[in-house]
Amino acid sequence: MSDDLTIHDILIKDLPKHEAKTVRIKGWLYNRRHKGKLAFLVVRDGSQMCQATVFKGDVTEEVFELCAQKLTQESSIIVEGVVRADQRAPLGFEISVKNVVAVQIAQEYPIQPKEHGVDFLMNKRHLWLRSSKQWAMMQIRNEFLKATRDFFYDNDFTCIDAPIFTPSACEGTTNLFEVTYFEDKAYLSQSGQLYMEAAAMAMGKVYCLGPTFRSEKSKTRRHLTEFWMIEPEVAYATLDDIMVLAENYVSYAVGRVVEKCRPHLEILERDITKLENIKAPFYRLSYDDAVKYLKEKGMPFEYGNDLGAPDETAISENYDRPVFIHRYPTACKAFYMAPDPEKPHLALCADLIAPEGYGEIIGGSQRADDIDYLLKKIAEHKLPAEIFDWYLDLRKYGSVPHSGFGLGIERTLSWICKVPHVRECIPFPRLMERIYP
RNA sequence: UCCGGAAUAGCUCAAUGGUAGAGCACUCGGCUGUUAACCGAAUGGCUGUAGGUUCGAGUCCUACUUCCGGAGCCA
């Protein structure tokens, strides 16, 4: 306690470690309440938020006037004071202020700590990120992405970054953004999968994690035109192998968020017990059984079709953990999926449906490793065979069974955070009708 | 692209076809423990745009614009 007079430059999240010490916080004024000779400043610095109390007798006249009158919402300030434990403070700790320096007095701030409309907030996304729920959301995203990289690194995966400019489509060209590429055309990648298949033949176990682009004219809570995806690909893996990989990964990443982001989940008012229950193994339901169930429930559905969003919701309502739906008819799935040797009309594929109505967060499959089957499928899907030359090489030189999946980061986060729309799960969302700010 | 809904003060919302209102924010005043503080005062409007019906339109009709929700497709 001999260094009590030293001023410690600290982050607000470390306040409890500095009880009775003098600290300096560099941040912004989130909110202010004042009561005659006493002012309460709610200060945020990006790491957390805390309350600072200013008594008129403890500071100079100028500083008190600044705190009680002049400081506006979101003014940038440097606060010095002593850390004290206090039951009445939201964090359990607060700062008894000795001095405040205003770095800039903010102009009238448009976002208040109260309800606003979506359009208004989305137009102010650059400022909205400062609000507590958005801040909590981004902290959870950060933890989820770190947990993702840790999981795959610890399981001997090599991170291989896929290109974003691509010459061709993975699943047809209809949903691709076209860009000018010198004298030619190129497309923004809608998936790194084909490149991951190449990399898996070189490294064994690989993944890519990055943005992907789809110009789907979708205006729903589950769609962005630019979204982040993790795509692992594993040589010699079967469909069952990657279902195990997927459930281990998802339960690990959710566990990490629960472990490290409890305060953030509380800010979002998330029921944490629901997340604590997310442990492997997840449920498995064949497409055939899913259809049987939907028919029993009286939902209009024709065998052979892909499952729609309302179908997925109806199924997920029965489960307290994610559920795999596997072995869809090949007819409604992509050309690169391997057929089930026992039932060739079914593909060795699986989607993972999140609980609580959040829908599909993973699509994966075992890949067709036979070149003749692939050539047939490319023709059936009317895809230009010549742009798949390099891809078909993979089936000529040491082709092996292999499998992989893609998990949508924002969809998964919207489920973890129980946020209704994916647009709040990415810092600057890109939607069909919105590309600002 | 299709189906449905909405647009009023800086923000969130009211207003039987008959004078456009409240809360919050901002400004001013009061208060030594506030938790989106509270109390008092002041301020704030070409009702999304363009037409139409009517003695009279924020309200009814038409078109357009923008946004929201959903479908298909997908992660």
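So that the names make sense, note that chain A is the first sequence line, chain B the second, and so on, each numbered from 1.
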Rounded to the nearest Å, what distance is computed from the NZ atom of residue Lys333(A) to the C1' atom of nucleotide C74(B)? 9 Å

Check whether the side chain of Gln69(A) and the base of G29(B) form a donor-acceptor pair under 3.5 Å. no

As its Watson-Crick or G-U partner within any shown strand, both distances under 3.5 Å, C64(B) has G48(B)

Across all strands shown, which nucleotide pairs with A22(B) by Watson-Crick or G-U wobble geometry, both distances under 3.5 Å? U12(B)

Are Arg84(A) and G33(B) close enough that a side-chain N or O sits under 4.0 Å from OP1 or OP2? no

Can you find a pair of side-chain heavy atoms, one from Arg434(A) and one from Asp119(A), that are under 4.5 Å apart? yes

Roughly how many Å is it from OH in Tyr109(A) to C1' in A36(B), rounded to a whole number? 15 Å

Find the partner of U1(B): check Watson-Crick (N1-N3 plus N6-O4 or O6-N4) and G-U wobble (N1-O2, O6-N3) distances, both under 3.5 Å, and reply none if neither fits. A71(B)

Does G58(B) have a Watson-Crick or wobble mate here (both distances under 3.5 Å), and if so which one? none

Identify whether the distance between the nearest side-chain nitrogen and carboxylate oxygen of Glu143(A) and Lys146(A) falls below 4.0 Å. no

Does Asn31(A) or Phe55(A) map to a spot on RNA chain B nearer the 5' end, using the closest nucleotide for each? Phe55(A)

Less than 3.5 Å between a donor and an acceptor, one on the side chain of Ser218(A) and one on the base of G72(B), is that the case here? yes

In whole angstrom, what separates Asn305(A)'s CG from C74(B)'s P? 11 Å

Starting at atom CE of Met432(A), determine the distance to atom P of G72(B), rounded to an integer number of angstrom. 15 Å

Sub-4.5 Å side-chain heavy-atom contact between Cys417(A) and Arg270(A): no

Does U43(B) have a Watson-Crick or wobble partner in any strand here, with both distances under 3.5 angstrom, and which is it? none

Strictly by Watson-Crick or wobble contacts shorter than 3.5 Å, is anything paired with G17(B), and which nucleotide is it? none

If we count only N and O atoms by modelled type, under 3.5 Å, do the side chains of Arg214(A) and Thr212(A) hold a donor and an acceptor together? no

C74(B) phosphate, OP1 or OP2: any side-chain N/O from Arg222(A) under 4.0 angstrom? no

Of the candidates A71(B), C74(B), C26(B), the side chain of Glu360(A) sits closest to C74(B)

From C24(B), C68(B), C74(B), pick the nucleotide closest to the side chain of Gln112(A)? C24(B)

P spacing across the pair A14(B) / C55(B), given as an integer number of angstrom: 31 Å

Hydrogens and angles aside, do Tyr336(A) and Gln193(A) bring a side-chain donor and acceptor to less than 3.5 Å of each other? yes

Per salt bridge (charged side-chain N to carboxylate O under 4.0 Å, His left out), Glu247(A) is matched among Arg284(A), Arg321(A), Lys279(A) by Arg284(A)

When only distance counts, do a donor and an acceptor, one from the side chain of Arg411(A) and one from the base of C74(B), lie under 3.5 Å apart? yes

If you take atom types as modelled and just measure distance, does the side chain of Gln51(A) reach the base of U34(B) with a donor-acceptor pair under 3.5 Å? yes

Considering only the C1' atoms, how many Å lie between A6(B) and U49(B), rounded to the nearest integer? 16 Å

On RNA chain B, nearest-nucleotide positions of His34(A) versus Gly57(A): which is more 5'? Gly57(A)

Would you kindly say whether Thr72(A) and Ser75(A) are connected by a side-chain donor-acceptor distance under 3.5 Å? yes

Please report the distance, rounded to the nearest Å, between CG in Leu121(A) and C1' in C11(B). 10 Å

Check whether any side-chain nitrogen or oxygen of Arg423(A) sits under 4.0 Å from OP1 or OP2 of G69(B), and answer yes or no. yes

Under 5.5 Å and under 30°: Phe40(A) stacked on G33(B): no

C1'-based separation of U53(B) from C60(B) [nearest Å]: 8 Å

For C38(B), which nucleotide in any strand shown is its Watson-Crick or wobble partner with both distances under 3.5 Å? G30(B)

Does His116(A) get its side chain close enough to the base of C11(B), under 3.5 Å, for a donor-acceptor pair? no

Roughly how many Å apart are U59(B) and A15(B), using the P atom of each and rounding to a whole number? 14 Å

Using only heavy-atom distances, decide whether a donor-acceptor pair under 3.5 angstrom links the side-chain of Lys114(A) to the base of C11(B). yes

